[in-house]
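Please read through the structure below; I'll follow up with questions.
Quantities reported herein were computed from a predicted structural model and do not represent experimental measurements.
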Amino acid sequence: VDLEALEKMPLDELEVKVKELQQDFEKLSSFVNEQEEELTSKAQTIDELQARMEQASEYDRLSLENDLADERDGYRFLEETLEGQRRTLRQKEEELGQNRSILMNRKGHSDGTGAEPLIDLGPVVSQIEAQRQQQAEEISKLEAQISQMRTAIQQAQSLVEQQTGQQEQLRNEIKQQEETLRAQQRSASETIGRVNTYQETLQPIQDHVNGLRQRLDAVVGTLSQVQEAGDYQLQAITEMRQILQGLLNVPEFAS
């Protein structure tokens with residue numbers, strides 16, 4: 001601030017400038033307050049998402065993690081923007097105070113007595129800074145938890161991929177066994193068909209063999225009868241020979 005220029009500036013122009021600086025300061029102060037409220041709201045949203053993630057399932061955690069990352073990026077962007085706006089607000093407060101002090105001195109009010117009091121943002125800024133520090137610590141803790149969750153999710157995904165590979169291998173083995181079983185079934189069906197064909201072909205031959213066997217049995221029976229008759233005749237001849245031999249051996253007849 002050029003204090004010498006303010007001392008030489010016409011009083012009415014200085015009053016207009018102070019009024020304009022006051023209006024700019026109030027507008028920026030109102031805007032900064034709105035941004036501070038939005039920053040606080042985002043911090044609350046981050047806390048809520050963190051609480052939900054602690055109770056959510058693995059599937060829901062992925063979605064909540066993305067939402068949390070978006071909110072965290074928005075919080076950091078807004079915090080960086082607010083940092084510049086806070087500096088600008090303090091600069092405007094200092095500029096307004098210096099201009100108003102010169103104006104009050106030139107109007108005969110020492111130390112600004114009788115002027116409208118300036119808004120003291122010191123306590124508000126300190127409180128906001130403390131909240132920012134606390135939220136930054138909470139965000140750091142949350143990032144650590146997210147990192148752990150990501151590691152756990154990666155391990156779970158690796159396990160799922162491993163189990164999926166094992167299931168796929170088992171599925172292929174079952175498929176091969178099914179194909180082998182179907183081939184065996186087809187072979188068995190073909191064998192049964194050939195057996196049925198052979199049975200149909202062999203049945204007339206079996207009937208003819210059975211007829212021949214019956215005839216053979218009849219011939220055998222006849223031969224047995226003939227054999228018995230021959231044996232009887234042979235026995236009769238033997239007996240007659242014995243009788244004749246006995247007659248020939250009688251002494252009187254022999255002499």
Side-chain angles (χ1 to χ4, degrees), residues 1-54 63-147 149:
V1 178
D2 189 351
L3 299 180
E4 184 177 356
L6 293 178
E7 292 290 349
K8 295 179 180 180
M9 184 181 296
L11 190 60
D12 55 347
E13 292 182 9
L14 182 57
E15 288 179 345
V16 172
K17 182 178 181 181
V18 170
K19 185 176 181 180
E20 291 176 352
L21 290 174
Q22 179 70 33
Q23 291 175 351
D24 291 342
F25 175 78
E26 290 176 353
K27 289 180 181 179
L28 182 58
S29 178
S30 177
F31 177 74
V32 170
N33 289 334
E34 292 178 357
Q35 295 294 94
E36 296 288 359
E37 291 177 358
E38 183 177 355
L39 187 67
T40 302
S41 177
K42 284 187 175 295
Q44 293 176 352
T45 302
I46 291 174
D47 292 339
E48 292 175 357
L49 289 174
Q50 180 181 0
R52 290 172 58 187
M53 287 182 62
E54 292 177 355
S63 178
L64 291 174
E65 182 180 352
N66 294 330
D67 295 341
L68 185 58
D70 294 339
E71 290 293 335
R72 185 181 57 199
D73 292 339
Y75 180 89
R76 288 179 175 175
F77 176 78
L78 182 59
E79 186 181 25
E80 293 175 357
T81 303
L82 263 175
E83 187 65 28
Q85 293 173 349
R86 291 166 186 157
R87 289 195 299 267
T88 302
L89 185 61
R90 287 193 292 269
Q91 293 172 358
K92 285 188 176 294
E93 182 184 19
E94 183 178 357
E95 182 181 4
L96 175 59
Q98 292 177 350
N99 281 267
R100 178 178 287 175
S101 178
I102 296 297
L103 176 62
M104 292 300 103
N105 288 334
R106 291 181 61 181
K107 291 175 67 174
H109 302 286
S110 60
D111 298 331
T113 304
E116 295 179 359
L118 293 175
I119 300 175
D120 185 9
L121 294 180
V124 176
V125 173
S126 299
Q127 182 179 1
I128 292 173
E129 182 65 21
Q131 292 178 354
R132 185 194 67 79
Q133 184 66 27
Q134 180 181 0
Q135 292 167 357
E137 293 176 358
E138 293 178 355
I139 290 175
S140 298
K141 294 179 181 179
L142 185 58
E143 288 176 347
Q145 293 179 359
I146 291 174
S147 178
M149 291 179 182

Main-chain N/O of L6 paired to R106 side chain as donor or acceptor, under 3.5 Å: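 At least one qualifying donor-acceptor pair exists.
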Interatomic spacing from CG in D67 to CD1 in I46 - rounded to 0.5 Å: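 Interatomic distance, D67 CG to I46 CD1, rounded to 0.5 Å: 11.5 Å.
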Step-by-step side-chain contact (heavy atoms from CB on, under 4.5 Å) determination, E36 to R86: CA-CA 10 Å; E36 296 288 359; R86 291 166 186 157; 2.7 Å; yes
Atom pair CD/OG1 of Q50 and T45 - distance to nearest 0.5 Å: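 Going from CD on Q50 over to OG1 on T45, the span is 12.5 Å.
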E26 side chain to Q22 side chain, donor-acceptor N/O pair below 3.5 angstrom: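 Checked: E26/Q22 side chains pair up, N/O donor to acceptor below 3.5 Å.
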Closest contact, heavy atoms only, F31 versus Q85: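 Shortest heavy-atom separation between F31 and Q85 comes out as CE2-NE2, 2.9 Å.
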N/O donor-acceptor pair under 3.5 Å between T81 side chain and F77 backbone: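 Answer holds: yes.
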CG on L28 to CG on L21, rounded to 0.5 Å: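 Rounded to the nearest 0.5 Å, the CG-CG separation comes out at 12.0 Å.
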Distance-minimising heavy-atom pair for K92 and D24: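 So the two residues come closest at NZ-CB, 4.4 Å.
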From R87 atom CZ to R90 atom CZ, the distance as rounded to the nearest 0.5 Å: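 One gets 7.5 Å once the value is rounded to the nearest 0.5 Å.
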N/O donor-acceptor pair under 3.5 Å between T88 side chain and G84 backbone: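 Indeed, once roles are kept as given, a pair shorter than 3.5 Å links the two residues.
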Approximate separation, where rounding is to 0.5 Å, of E65 CD and R72 CZ: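 If we round to the nearest 0.5 Å, E65:CD and R72:CZ are 8.5 Å apart.
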Contact summary for L78 and E38, nearest pair of heavy atoms: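 Closest pair (atom of L78, atom of E38, distance): CD2-CG, 3.8 Å.
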Stepwise side-chain contact (heavy atoms from CB on, under 4.5 Å) check, E93 with L89: CA-CA 6 Å; E93 182 184 19; L89 185 61; 5.7 Å; no
Contact summary for E7 and I102, nearest pair of heavy atoms: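 That closest heavy-atom pairing would be OE2-CD1, 3.3 Å.
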CA sep, side-chain torsions, deciding dist, call: L11, L103, side-chain contact (heavy atoms from CB on, under 4.5 Å): CA-CA 7 Å; L11 190 60; L103 176 62; 3.4 Å; yes
Residues Q98, E94; criterion side-chain contact (heavy atoms from CB on, under 4.5 Å); working and verdict: CA-CA 6 Å; Q98 292 177 350; E94 183 178 357; 3.6 Å; yes
Pairing of E4 and K8 as salt bridge, 4.0 angstrom limit: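 So E4 pairs with K8 through a salt bridge.
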Donor-acceptor under 3.5 Å (S101 side chain, G97 main chain):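 Answer holds: no.
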Nearest-0.5 Å distance, CE of residue M104 to CG of residue N99: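 So the gap between those two atoms works out to 11.0 Å.
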